[in-house]
Each structure stands twice: as structure tokens, then as C-alpha cells.
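Working notes, beginning with the structure itself.
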Number of protein chains: 2
Amino acid sequence: MKNQTSQSIEDYLKAIYELSIKDGRVATTHLAKHLGISPASVTGMIKKLSQMEPPYLNYQKHQGVFLTEAGERIALETLRHHRLLEVFLHEILGFPWDEVHEEADKLEHVISEKFEERMAFVLGNPEHDPHGDPIPNKELNVPKATMICLSDLRPHQKAIIKRVRDKDPKLLRFLSDLGLIPNAEIEINDYSEFDGNIHLAVKNSSKNVVLGPRITDQIHVSILN
Amino acid sequence: MKNQTSQSIEDYLKAIYELSIKDGRVATTHLAKHLGISPASVTGMIKKLSQMEPPYLNYQKHQGVFLTEAGERIALETLRHHRLLEVFLHEILGFPWDEVHEEADKLEHVISEKFEERMAFVLGNPEHDPHGDPIPNKELNVPKATMICLSDLRPHQKAIIKRVRDKDPKLLRFLSDLGLIPNAEIEINDYSEFDGNIHLAVKNSSKNVVLGPRITDQIHVSILN
DNA sequence: GATAATATTTAGGTATGCCTAATTAAGAAA
DNA sequence: TTTCTTAATTAGGCATACCTAAATATTATC
């Protein structure tokens with residue numbers, strides 16, 4: 001079996017990479033849900049990907065999958081494309097940050113290495129995309145940052161938003177209307193033990209905001225002393 | 001049958017548009033050669049495209065095809081994408097003009113209307129791509145220009161290069177090394193009746209060049225008085 | 001440890017878009 | 001007009017990547 005990629009393969013590998021950060025192995029159903037595809041189809045594809053030469057992933061029946069080195073390389077290349085494109089769309093073409101994800105999802109499979117290289121040059125080799133996610137560098141190393149969830153902050157702590165993980169344009173628009181975007185400074189006012197809601201102040205907009213745990217888990221921050 | 005597009009369909013319609021400018025109807029084999037596909041495959045596709053609702057093209061067995069209005073619309077939209085992308089790649093990302101075609105050929109099928117619109121805005125609604133080909137405007141009207149082939153010029157005439165039709169990167173690089181790119185000013189020195197070679201001077205580079213008819217037919221110019 | 005619920009896989013099928021080989025139609029030349 | 005050549009079509013296949021329905025593991029619960 002020949003070793004090549006396709007739009008689909010890149011999507012699978014990227015999804016497995018993202019899901020396996022948390023869990024190690026990725027379950028068929030989990031992957032299926034994430035990709036919006038039936039579990040049966042996923043089984044077919046992961047069998048194929050695990051039988052390529054070299055294989056893109058390790059797979060044992062009923063045990064889920066994880067990436068091989070070759071698979072991770074493709075995933076990181078795709079992720080680099082994706083995140084560079086997000087910055088590019090935002091900075092150069094003026095896309096609002098909640099619209100960059102969808103467009104980058106299509107383009108990431110199509111651009112050439114030259115396009116990637118030119119983009120990185122024009123943008124000055126950015127390390128983070130507009131959502132704060134780290135961009136793998138040319139050697140595919142992912143810059144690590146020490147961040148915690150907004151939900152882990154305690155009252156009166158100040159922090160800077162570094163990353164917003166959600167991809168839903170509606171939520172992203174909601175957050176940016178509140179000023180809750182990467183590099184914004186916030187201060188926790190209160191934390192209600194009861195429902196997990198967090199009350200916080202956004203510095204520049206001087207707005208006071210109440211956020212539920214569904215949202216605060218998605219926002220990553222670094223603490224200000 | 002539903003009416004949609006795909007990468008392949010857009011390629012077919014664009015090719016038919018380009019070929020039918022000269023000939024009106026486009027023959028199966030002609031199209032097959034242009035697309036690098038077997039004639040049998042082309043027959044299958046054009047049958048499909050002519051039976052859609054609305055049809056993208058008119059087709060009668062053994063008589064070739066021509067575009068319907070719906071087909072032409074898709075072709076022009078794709079062409080607009082393509083040529084805007086060429087300008088964009090050249091001006092914004094710094095691609096050399098001989099490399100823009102290949103990249104645009106892939107991207108043209110993938111970018112959104114928003115991407116197109118943002119590109120046009122950032123570039124200031126250009127009317128020509130780096131090869132001098134006209135870019136259909138938003139309403140898909142193609143700007144017309146009065147140009148003739150370089151091969152039709154007479155000795156001592158001066159002209160400005162408006163368009164270089166060839167897509168071969170090697171030839172394009174050769175021409176730009178000589179300064180023969182859109183907007184360059186040239187003057188015809190001599191024309192050899194015998195072999196069709198044209199001797200000309202390029203203004204800015206003050207080079208003297210001899211070009212054969214294979215090339216001079218591809219270069220379109222407007223005459224300077 | 002048996003059973004119920006859930007996860008996963010197998011089997012069989014579909015649409016797209018390409019292929020080769022064989023056939024038929026059209027156009028040119030004798 | 002008949003024949004030859006070239007163009008176009010049909011027939012039958014293949015790969016990719018998805019689907020549903022049915023069968024089989026696995027895991028959780030009693």
C-alpha cells in the first residue's frame with residue numbers, strides 16, 4: 001500500500017492528534033463524533049491508515065488508536081497550515097476571528113509548502129493563532145506555554161487571556177464583544193461555589209461579566225502577579 | 001439531478017470556457033487533452049453536466065459542447081477566483097509570476113466568496129492578473145481591451161506588453177529575465193519574413209531580443225503612437 | 001457471573017471521477 | 001460511393017470515502 005495523504009486523511013490525523021492530547025488513545029466513536037462521520041466509516045479509515053507503509057497510526061481492534069511518528073508529522077504539518085492560515089486570514093485579509101476557523105479548515109489541505117513559507121515570512125513567524133493556540137514551528141515543534149483554565153482562578157487574581165479553545169463562531173463573537181480575546185487582561189471578582197459561575201472584570205472594556213463553567217473551561221490564561 | 005459544483009466540474013467548465021473563446025464548440029478530444037484526461041472520461045462528465053437542472057452545457061452526441069448561461073457563470077466565477085488569486089499570490093505573498101498559476105489552480109476551488117471579496121478589496125479591485133489576463137468583475141463582466149499579437153507588429157512600431165498567454169513556468173521565467181512582462185515597453189527592430197522571427201528592443205533593460213513565432217503569438221500588446 | 005447497554009466491527013451499497021478496451025459514428029480520401 | 005482514419009461513445013472496472021443495518025465485542029450493572 002502506498003503512503004500518501006488526502007484531504008480526508010489529514011482531517012483524521014489532525015482530529016486524532018487533538019483528541020489524543022487529553023486521552024492518549026482515541027476511541028472510534030469519539031473520533032466519529034468529532035469528524036461528523038459514522039463510526040463504521042471511521043473503522044474503515046483507521047484500518048487503512050494503520051496498514052499503510054509506514055503506518056500513520058497504531059490500531060488494535062476495540063482498543064482505539066494513537067498516532068505513529070509519521071502520523072503525528074502529518075497532523076502537525078496540517079495544524080501548522082491551519083493556524084498560520086488563521087493568523088493570515090485575520091491579519092492580512094481582515095477576517096473576524098470567529099470566521100477564520102472554517103475558512104482555514106478548507107485551505108489547510110490545499111496550500112503548498114511555498115505558500116506556508118511565504119505566509120510565515122509575511123506574518124513574522126507568529127507563535128500563536130488568533131485563538132491563542134500555539135503554531136508548530138517549521139521543524140514541527142509546538143511552543144509550550146504555562147497556562148491554566150480561567151475556571152481555576154481564585155477571586156481577586158488578575159490574568160491575561162492566552163487562548164480560547166472553542167470554535168463556535170457565535171460564542172467567539174459573544175466573547176469578543178465582551179473583550180474576552182487573547183491578550184485581554186481580566187480580574188476575578190467572585191466565584192460562586194454553587195453553580196460554578198465566575199464573575200470577572202475585563203480591564204479595557206471595564207465590563208463586568210458572569211461566565212458559566214462550559215465557557216470558563218475553554219478559556220486559558222496566564223496569571224499576573 | 002441536483003445542481004452543485006465540485007472541483008472537477010469547475011475545472012471542466014473553466015476549460016470549456018477558455019477553449020470555446022476561439023472555436024465556439026469544444027470537441028471531446030480537445031477538452032480531454034486540455035484537462036489531461038481520457039476522452040472516454042470526458043464523455044461521461046459532459047453527459048452529466050448537460051443533464052443537470054439547470055444544465056451547465058449543451059451537448060449533442062459527436063458534436064461537442066458549449067456552455068449554457070449557468071455553466072458560463074460558474075466558469076467566470078472560477079476564473080475570477082483564479083486571476084484574483086494570481087495577483088494576490090504575486091503582490092501580497094511575493095510569489096514569482098511564473099509560479100502563481102499552479103497554486104491558484106488549486107486554491108480557486110476552495111476559497112469562499114468572503115475570501116474573494118476580501119482579496120479584491122485588499123488588492124484594489126485589479127482588472128488584470130500578472131499575465132495581463134482580464135479579471136471578471138464582481139458581476140462577472142470581463143473587461144475588454146484592444147490588443148493585438150506581438151507577431152502582428154511591424155518594424156519600428158512601439159508597443160506595451162499587455163498580456164502573456166503561456167503558462168509554462170520555464171518560458172515565463174525566460175521572458176521576465178528579458179524584461180518581457182506586462183506593462184513593459186518594446187520596439188520592433190526587424191521582422192524576418194523567412195522564419196517569422198522578430199527582433200525587438202526592450203526599453204528598460206535596453207536588451208535586444210529575437211523571438212520565434214511560437215512565442216510572439218502568445219504575447220499581446222497595445223500599440224503606442 | 002449473567003445480562004443489559006454501549007462500543008465497535010463487518011457486510012453490503014452508493015456517488016464521484018477516473019481508467020482501458022472495444023465499438024460505433026463521422027469525416028476525408030480514393 | 002466505398003474505404004480508411006480519426007473522433008466519440010459504450011461497457012466494464014477501480015479507488016476513495018462515505019452510508020445503513022446487522023453482528024459481535026466490551027464494559028457496566030445487577
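Letters go in sequence order (proteins before strands), and every chain restarts at 1. Since this is a predicted model, take the numbers as computed values, not measurements.
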Worksheet item: In residues 27-35 of chain B, which ones come under 4.0 Å of DNA chain D, going by heavy atoms?
Response: B:A27, B:T28, B:T29

Discussion item. More than 12 heavy atoms of other residues, nucleotides or ligands under 6.0 Å from NZ of A:K114: yes or no?
Written reply: yes

Discussion item. Tell me the closest heavy-atom pair linking B:G132 and B:P182, and the distance in Å.
Written reply: N-CG, 3.9 Å

Worksheet, complete the sentence: Residue pairs passing the side-chain hydrogen bond (donor to acceptor under 3.5 Å, both in side chains) test with at least one member in residues 60-80 of chain B, sequence neighbours excluded, are B:R80-B:E116

Worksheet item: Taking the side chain from B:K162 and the backbone from B:S222, do they hold a donor-acceptor pair closer than 3.5 Å?
Response: no

Worksheet entry | Ring center gap for A:H101 and A:H82 short of 6.0 angstrom | yes

Practice prompt. Look at atom CD of B:E99 and say whether more than 12 heavy atoms of other residues, nucleotides or ligands are closer to it than 6.0 Å.
Written response: yes

Discussion item. Run the ring pair (Phe, Tyr, Trp, His ring centres under 6.0 Å) test against B:F95 and tell me which residues pass, sequence neighbours left out.
Written reply: none

Worksheet entry | Ion pair B:D105/B:K14, N-O distance below 4.0 Å | yes

Fill in: Selection residues 121-132 of chain A - residue pairs positive for salt bridge (charged side-chain N to carboxylate O under 4.0 Å, His left out), sequence neighbours left out
A:R83-A:D129

Worksheet, complete the sentence: So the contacted stretch of DNA chain D, first to last nucleotide with an atom under 4.0 Å from a non-hydrogen atom of chain B, runs from D:dA7 to D:dT10

Practice prompt. Rounded to the nearest angstrom, tell me the gap between atom NE2 in A:H62 and atom C1' in C:dT6.
Written response: 12 Å

Item to complete: Examine distances only and state if a side-chain atom of B:S41 and a backbone atom of B:I37 form a donor-acceptor pair shorter than 3.5 Å.
Response: no

Practice prompt. Would you mind building the protein contact string for nucleotides 11-22 of chain C? One character per nucleotide, 5' to 3', B for base within reach (heavy atoms under 4.0 Å), S for sugar-phosphate only, - for untouched.
Written response: -----SSSBBB-

